Trainee: 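Mind looking over this structure? Questions follow.
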Amino acid sequence: MRKTVTLGNGLQIGGDTFAVAAGPCAVESRELLFAVAEAVAAAGASLLRGGAFKPRTSPRSFQGLGEPGLRLLAEASAATGLPVVTEVMDPRDVPLVASYAAVLQVGSRNMQNFPLLREVGRQKKPVLLKRGAAATLEELLLAADYILQEGNENVILCERGVRGFDPQTRYLLDLAAVPVLRQRTELPIIVDPSHGTGDASFVPAMAKAALAAGADGLLIEVHSAPEIALCDGKQALRPADFSELATELRRLVPMFGRRWARAPRDAAWRAPSNGSGSAMSRGSARPSADSAPGSFDDEVIAP
Ligand code: PEP
Ligand code: MN
């Protein structure tokens, strides 16, 4: 039995669902965050992503808005109903970030920050643990073990690419990590094709490949004006492109024996207007039009 991570609003990650977290790399402003949050919610995303504390290679780069950014994320979450996943970098900030976020992200650069791993392990919110850019899968699993050992069993692993030798992509997205990890762990596994490729034009292909490889979901960067983004603009999908990708994924997800994850607090998800609510039952791996999120209940999605 594979482990599932269930968030406070009922959203299930892992098992037979496919969950997509989408949003800007960084929270830059209220306007940007709300525009993107509303767009990704309308497109069927299950979680809102966005960094308030940003791990930047240069100390002169935009470092994130900090706590005001967390407050904006909480407001955008309340407005859209999407739970928030956001990064925590400093063990001292864990209680603060946990008070705003549904899922705490431990970034690639901190995968082996053992005090941070222990600290997120001592609190109850689920943790999204990203693979270090030069970490083996064994090291990723051992890093997850630090969190589990402290008593937090709600860990989601994320493949986000490792250092390669070809500059045509930012990192080398290791999709074989998905079946390898699947053999080794019960934990949910998601893929980040945004950081994994570093280029928005490669994201849709790798997102679909991640689904085919058996991933439990995706982490995708979306920005309404990538050309002026303060962080990672080159790899951000525009909302319309994200929406197109989400539509394609929603058609593909049932073919891989999964259903599109959407929090049950979404009334339309609980009671689709076509009246076939029973097919929404958990555990159904059959392709079904009802595998689409409820917000699309006027749209028939052929398997
Ligand atoms: C992110 O997801 O915002 C991020 C910084 O990613 P990574 O830690 O994988 O570089
Ligand atoms: Mn980023």
Side-chain angles (χ1 to χ4, degrees), residues 2-15 17 19 21 23 25-27 33 37 46-55 63-78 80-132 135 139-160 181 185-190 192 216-217 219 261 263-265:
R2 281 173 44 206
K3 175 160 178 51
T4 58
V5 171
T6 304
L7 306 191
N9 69 341
L11 176 73
Q12 184 190 309
I13 300 170
T17 67
C25 177
V27 179
L33 183 64
S46 298
L47 295 112
L48 174 65
R49 64 144 289 144
F53 293 99
K54 292 304 302 176
Q63 301 288 306
L65 297 179
E67 188 171 1
L70 294 175
R71 280 200 291 272
L72 290 175
L73 283 166
E75 280 181 46
S77 172
T80 57
L82 299 184
V84 161
V85 53
T86 194
E87 180 157 354
V88 58
M89 293 196 299
D90 188 321
R92 294 168 295 186
D93 290 334
V94 168
L96 174 75
V97 178
S99 72
Y100 288 101
V103 180
L104 303 186
Q105 179 171 319
V106 173
S108 192
R109 291 157 189 80
N110 275 316
M111 190 204 83
Q112 286 184 317
N113 179 338
F114 302 116
L116 179 62
L117 296 175
R118 287 199 196 281
E119 205 57 38
V120 296
R122 288 189 195 115
Q123 57 81 56
K124 290 194 161 46
K125 293 279 172 78
V127 178
L128 174 61
L129 177 63
K130 299 190 82 173
R131 180 184 186 179
E139 287 164 340
L140 173 61
L141 289 166
L142 290 170
D145 240 358
Y146 269 87
I147 303 170
L148 302 174
Q149 274 214 355
E150 294 298 328
N152 188 345
E153 293 181 353
N154 293 315
V155 179
I156 302 156
L157 303 175
C158 181
E159 163 60 38
R160 48 77 74 204
L181 290 170
T185 179
E186 304 294 302
L187 299 173
I189 304 154
I190 71 165
D192 172 354
D216 296 306
L219 187 66
R265 69 168 270 183

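Keep in mind that what you see is a predicted model, and the values were worked out from it rather than measured.
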Trainee: Distance check, rounded to the nearest 0.5 Å: M89 atom CE versus Q63 atom CD?
Mentor: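 Reported value, rounded in 0.5 Å steps: 6.5 Å.
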
Trainee: Might you confirm whether atom CD of E139 has over 12 heavy atoms from other residues, nucleotides or ligands at distances under 6.0 Å?
Mentor: yes

Trainee: Rounded to the nearest 0.5 Å, what's the gap from CG on L148 to OG1 on T185? Could you check?
Mentor: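 Interatomic distance, L148 CG to T185 OG1, rounded to 0.5 Å: 7.5 Å.
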
Trainee: Could you grab the distance from atom CZ of F53 to atom CG of D90, nearest 0.5 Å is fine?
Mentor: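 Interatomic distance, F53 CZ to D90 CG, rounded to 0.5 Å: 8.5 Å.
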
Trainee: Look only at the side chain of R131 and the backbone of S108, and say whether a donor-acceptor pair between them is shorter than 3.5 Å.
Mentor: no

Trainee: Does T4 use its side chain to pair, donor to acceptor, with the backbone of I13 at less than 3.5 Å?
Mentor: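 Pair absent, no side-chain N/O of T4 close to backbone of I13.
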
Trainee: Within the 4.5 Å heavy-atom criterion, are N152 and V120 side-chain neighbours or not?
Mentor: no

Trainee: So, taking the atom named CG in L142 and the one named CE in M111, what distance separates them when rounded to the nearest 0.5 Å?
Mentor: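 Between L142 CG and M111 CE, I get 8.5 Å after rounding to 0.5 Å.
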
Trainee: If you define the side chain from C-beta out and look only at heavy atoms, does anything of L82 sit under 4.5 Å from S77?
Mentor: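 Contact flag for L82/S77 side chains = no.
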
Trainee: May I ask you to test the N154-K3 pair for a side-chain heavy-atom distance under 4.5 Å?
Mentor: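 SC-SC contact between N154 and K3 confirmed.
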
Trainee: Within this structure, what is the CG-OH distance for the pair N113 and Y146, rounded to the nearest 0.5 Å?
Mentor: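 That separation rounds to 11.0 Å.
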
Trainee: Run the side chain to side chain contact (heavy atoms under 4.5 Å, CB included) check on R122 and V94 step by step: do they pass?
Mentor: CA-CA 10 Å; R122 288 189 195 115; V94 168; over 6 Å; no

Trainee: Looking at side-chain heavy atoms only, is the closest gap between L157 and L141 below 4.5 Å?
Mentor: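 In contact.
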
Trainee: Of all heavy-atom pairs between P126 and L7, which one has the smallest distance, and what is that distance?
Mentor: CG-CD2, 3.6 Å

Trainee: Between L104 and Q123, is there a side-chain heavy-atom distance shorter than 4.5 Å?
Mentor: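 Sidechains of L104 and Q123: in contact.
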
Trainee: Can you find a pair of side-chain heavy atoms, one from P83 and one from V103, that are under 4.5 Å apart?
Mentor: no

Trainee: Should E67 and R71 be marked as a salt bridge (Lys or Arg N to Asp or Glu O under 4.0 Å) after you check the CA-CA gap, both sets of side-chain angles, and the distance that decides it?
Mentor: CA-CA 6 Å; E67 188 171 1; R71 280 200 291 272; 3.8 Å; yes

Trainee: In Å, rounded to the nearest 0.5 Å, how long is the span from CG of D216 to CD1 of I189?
Mentor: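 Answer rounded to 0.5 Å: 6.0 Å.
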
Trainee: T6 side chain to Q12 main-chain N or O, any donor-acceptor pair under 3.5 Å?
Mentor: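 Between the backbone of Q12 and the side chain of T6 there is no qualifying donor-acceptor contact (under 3.5 Å).
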
Trainee: Side-chain contact, heavy-atom cut-off 4.5 Å: E119 with V88?
Mentor: no

Trainee: Between the main-chain N or O of A37 and the side-chain N or O of T80, is there a donor-acceptor pair closer than 3.5 Å?
Mentor: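 Flag not set: sc T80 to bb A37 has no pair under 3.5 Å.
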
Trainee: Over all heavy atoms of both residues, which pair between V97 and T86 is shortest? Give the atoms and the distance, please.
Mentor: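 Distance-wise, the nearest heavy atoms are CG1-CG2, 3.7 Å.
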
Trainee: Are any of the side-chain heavy atoms of L181 and L140 separated by less than 4.5 Å?
Mentor: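 Counting from C-beta outward, L181 and L140 do come under 4.5 Å.
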
